[in-house]
Amino acid sequence: MKIRSLSKTIVAALLAVPLLSGIANAYELTIPSFDYRTGPYAPNGIPFANGYGDYMLMLNARDGGINNTKINLMPCETAYNTKRGVECYESVKNAGESGALVIQPLSTGITYQLIPKSSVDEIPIFSMGYGRTSAANGKIFPWVFNFPATYWSQATIFVKYIGEKEGGMENLKGKKIALVYHNSAYGKEPIRTLEVAAKKFGFELLLLPVDHPGQEQKATWLRIRKEKPDWVLMWGWGVMNQVAIKEAGSIRYPMNRFIGVWWSGSENDVLPAGAAADGYLSGAFHQPGDNFPAHDDIKKYVYDAGNGLGERERIGEVLYNRGLVAAMWTAEAIRTAMKIHGTNEVTGKHVRDGFEALDVDEARLKELGLPGFTIPVKITCENHEGPGQAALQQWDAKAKKWSMVTGFYEPLRDITGPLIAEDSAQYAAENNVTPRDC
Amino acid sequence: MFYRETGQFKTSYSDDQALFPITQDRYVIYAVLFATFVVVPMVANEYWINALLLPFLIYSLAALGLNILTGYCGQVSLGTGGFMAVGAFSVYKLMVAFPELGFIPLVLISGLITAAVGTLFGLPSLRIKGFYLAVATLASQFFLIWLFNKVGWFVNYNATGMITAPPMTLFGVLITGPAAPPAAKYLLCASIVAIFALIAKNLARGRLGRNWIAIRDMDIAAELIGVRPLIAKLSAFAISSFYIGMAGALYFAVWLGSAEPTEAFDINQSFLVLFMIIIGGLGSVLGSFLGAAFLVLMPILLKNILVGGLGTNTALAAHIEIMTVGALIIVFLIVEPHGLARLWRIAKEKLRLWPFPH
């Protein structure tokens, strides 16, 4: 009897997942969340997933979803692994009545995997500030959005910041800049841009790959101690960040000359290095902290009801806010889609139009309870990168706080522009894509 | 009751040497083939094919390849991930350069390229054995991945080192690229796997296979009775790499669609395939399939039961999954060190004797 009921459960579970899971009476918006709460990337994956999910849960509890249509948040564990990503994608894409409305892969590898599929399955991909940079070209990648800025824009912004600190771009000549990167599609993304910039400004670029998962970096930092680069840039993720910052501290590399990408600048990354991490810089496109009205709403509607995904004290961490801002833009895109198409029962196709017409300005941010939280974003058919600007934030080890130390920089578009055009044209040629008119 | 040979007389040598001498076995195989090629393409949906069946078939092919080397010839290899990468990168370069050749010839050529690379890395096996050989093949794993990362030519100078399979057709139907119908991809992989499983089964019981087994069981004795270790070992490396190379090509071009060397072909891949043949059964074609099924399907089944059926949160489910699969591996190794294939054999013997215990 027991075995029979168990086998029934197994069969039911097997059948339920690929088919429609549960027949809901009202139309629900299926929003998958590709998280990684396990594996070497979990320290960074967990806060992002919490921020993303909590904001959606807050919308459900406070407003009954988006325009009174409930959100069905579907988490799926990828462990930052492409093969598991495939399984997740297949299991969510036709889930619920609406099907997956937008995919936030949270991994450059999975993003590359899904880019060709997105146009076939008609599900937009929102790779917020990661993924394939040339997807900024909306003419060739109509289904992919990577605002508010790409890795290439960010790389040139770092070069610009370094130039500023050195007292002018002409002083970059003869300087040595090292790039410590995760040896994967993600980490290799900025190399070409930095190479072009190195040629243009005459600095020397030192490339130092770190293999997955990034726990072993002794040799890398020995090289840095020997070569003494003037600046170190880092494209790291997960455990790799903590190890790099600790190693940098142990060779006494000046932290205010060590800049991480915006995925290498959260509390988890700097706390293990203790006081040695003081002054470490990283890219950013939103504020840290939990002092915004939207955070209060999350605490009130989600955590007070006991439905929070994470711990209450960790609301407002950098990566939590990153997840929150991703959720906010996603929700706004869906809202825009509802407005354009005049229906609440939107599909992936509608949401793509919503992303393309997305316009979240300062006034709208204020209405959403996030005044001055991030940069205003306006997407067009041609430009899927949006503003392309980024700022720098710095870690204060004593106060244990991140704070923005610069304004938003404009990228060096004369470098990124031609590179984006070239790379997207190559993709179009390899995959027989005809650029659409914008 | 139903499974016994009584009354089945073999009147010719070919009857006696048939692949499946027992009639009931033959019917089972026909039924399996019918299910594979007729029933599954009709009933399976996209999730079943893309998430379960394609990886199962492709890993089965890789496990078959490794089983030839490790199971039949007794040479331990930890270079499977590297050899799969050779197959994948060969097929990518060929698909971009010579698309007019057609997909199947390209897969076979990538298999041959991998066979050449595998033979090269098999050369140390003539001097070193056992654990030491495992370390030597481990070096090939790291060297090959490093090479594909380092040399831009392999990825056509792509800025991020990713390779993406261009769309290709077979008999007018798309089989690679995102728009390919899942059933077509499935049928392609199933056909290749079925044909090469048949070849492997025949190789293993032929002269070459007996040479391999002789080398595995005692190489000095084998040499004394006239088996040439050079030919036997290198042919095992070549044929095994050929299978693994084809598996790598299908893994990248048909299943994943795009890949990067470090993540898709890392050392875990080598271990995964090795675990498949250990759990499935060393030196058994059926074991390769059973092992692949166990390690590919079991985690997904567990995930669906825990998350989809019982509503556990995803992180807890992932941890339970890791623990359960690990525990099951240990249980199987203790209960039946010869793998699932041996369990199947015991079950068959019991059935033949039924209802008598001896």
Side-chain angles (χ1 to χ4, degrees), chain A residues 9-10 12-14 16-19 21 35-39 42 46 49 75-77 79-83 86-91 93-94 108-109 112-121 132-134 183-189 191-193 209 211-212 309 419 423 426-427 430-432, chain B residues 44-52 54-55 96 142 145-146 149-150 156-167 177-180 182 251 255-264 266 268-269 296 299-310 313-319 321-322:
Chain A
T9 320
I10 294 172
L14 266 176
V17 167
L19 298 174
S21 41
D35 356 308
Y36 27 103
R37 294 172 184 273
T38 60
I46 291 170
C76 189
E77 172 75 29
Y80 200 66
N81 178 308
T82 319
K83 280 165 267 171
V86 173
E87 200 267 334
C88 278
Y89 179 74
E90 293 296 337
S91 71
K93 83 174 173 190
N94 295 319
T108 296
Y112 267 85
Q113 190 94 34
L114 296 183
I115 284 173
K117 290 188 182 150
S118 60
S119 54
V120 177
D121 296 329
R132 187 176 193 132
T133 293
S134 59
N183 200 359
S184 66
Y186 153 60
K188 287 177 192 165
E189 194 74 32
I191 294 178
R192 194 156 292 177
T193 317
D211 275 327
H212 157 92
L309 295 174
L419 283 173
D423 191 69
Q426 191 193 341
Y427 176 85
E430 276 178 18
N431 294 278
N432 310 325
Chain B
N45 64 15
E46 221 176 325
Y47 175 81
W48 277 85
I49 290 182
N50 283 340
L52 303 170
L54 282 182
V96 173
F142 286 107
I145 299 303
W146 173 84
N149 250 321
K150 188 79 186 165
N156 278 359
Y157 303 99
N158 181 302
T160 51
M162 289 288 279
I163 51 173
T164 305
Y251 172 79
W255 185 45
L256 289 177
S258 68
E260 55 179 303
T262 353
E263 203 215 342
D266 65 350
N268 291 329
Q269 196 77 5
V296 171
I300 299 179
L301 176 77
L302 272 176
K303 182 198 131 169
N304 282 350
I305 293 172
L306 290 172
V307 180
L310 305 175
N313 82 48
T314 49
L316 183 64
H319 287 127
E321 179 194 309
I322 295 169

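Protein chains get the first letters and strands the later ones, always in sequence-line order, with residue 1 at the start of each. These numbers come from a predicted model, not from an experiment.
- Atom CG of residue Asp211(A) and atom CZ of residue Phe142(B) lie 8.5 Å apart, to the nearest 0.5 angstrom.
- Using a 4.5 Å cut-off between heavy atoms, Ile322(B) makes no contact with chain A at all.
- Between the side chains of Tyr80(A) and Glu263(B), not a single donor N or O lies within less than 3.5 Å of an accepting N or O.
- Residues meeting the side chain to side chain contact (heavy atoms under 4.5 Å, CB included) test with Ile46(A), sequence neighbours left out: Arg37(A), Ala42(A), Asn50(A).
- Residue Asn81(A) touches chain B through both its backbone and its side chain, counting heavy-atom pairs closer than 4.5 Å.
- Put simply, NZ on Lys117(A) and OG on Ser258(B) are 8.0 Å apart, with the number rounded to the nearest 0.5 Å.
- Thr160(B) OG1 to Tyr112(A) OH: the interatomic distance, rounded to the nearest 0.5 Å, is 3.5 Å.
- We find the CD-OH distance between Glu46(B) and Tyr89(A) to be 8.0 Å, quoted to the nearest 0.5 Å.
- Here Thr38(A) pairs with Glu77(A) under the side-chain hydrogen bond (donor to acceptor under 3.5 Å, both in side chains) rule; sequence neighbours left out.
- Minimum heavy-atom separation, Arg192(A) to Asn158(B): NH2-C, 3.9 Å.
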Report the C-alpha separation of Met162(B) and Lys188(A) in whole Å, then their side-chain angles, then the decisive distance to 0.1 Å, and conclude whether the side chain to side chain contact (heavy atoms under 4.5 Å, CB included) test is met. CA-CA 10 Å; Met162(B) 289 288 279; Lys188(A) 287 177 192 165; over 6 Å; no
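- The backbone N or O of Asn183(A) lies less than 3.5 Å from a partner atom in the side chain of Thr262(B), making a donor-acceptor pair.
- Between Gln426(A) and Tyr157(B) there is no side-chain heavy-atom pair separated by less than 4.5 Å.
- Looking only at side-chain heavy atoms (C-beta outward), Val86(A) and Trp255(B) come within less than 4.5 Å of each other.
- In this structure, no portion of Ala317(B) lies under 4.5 Å from any heavy atom of chain A.
- In this structure, Leu256(B) CG and Thr82(A) OG1 are separated by 7.5 Å, a value rounded to the nearest 0.5 Å.
- The two residues Ser91(A) and Tyr47(B) make their nearest non-hydrogen contact at CB-CE1, 3.4 Å.
- Among Ile145(B), Asn149(B), Leu316(B), Val96(B), the residue with the largest count of heavy-atom pairs under 4.5 Å with chain A is Asn149(B).
- Remark: side-chain polar atoms of Glu90(A) are not paired, donor with acceptor, to backbone N or O of Ala51(B) under 3.5 angstrom.
- Two residues are said to be in side-chain contact when any heavy atoms from C-beta on lie closer than 4.5 Å; Lys83(A) and Gln269(B) meet this criterion.
- Annotation: side chain of Lys303(B) is in contact with side chain of Cys88(A) (closest heavy-atom distance under 4.5 Å).
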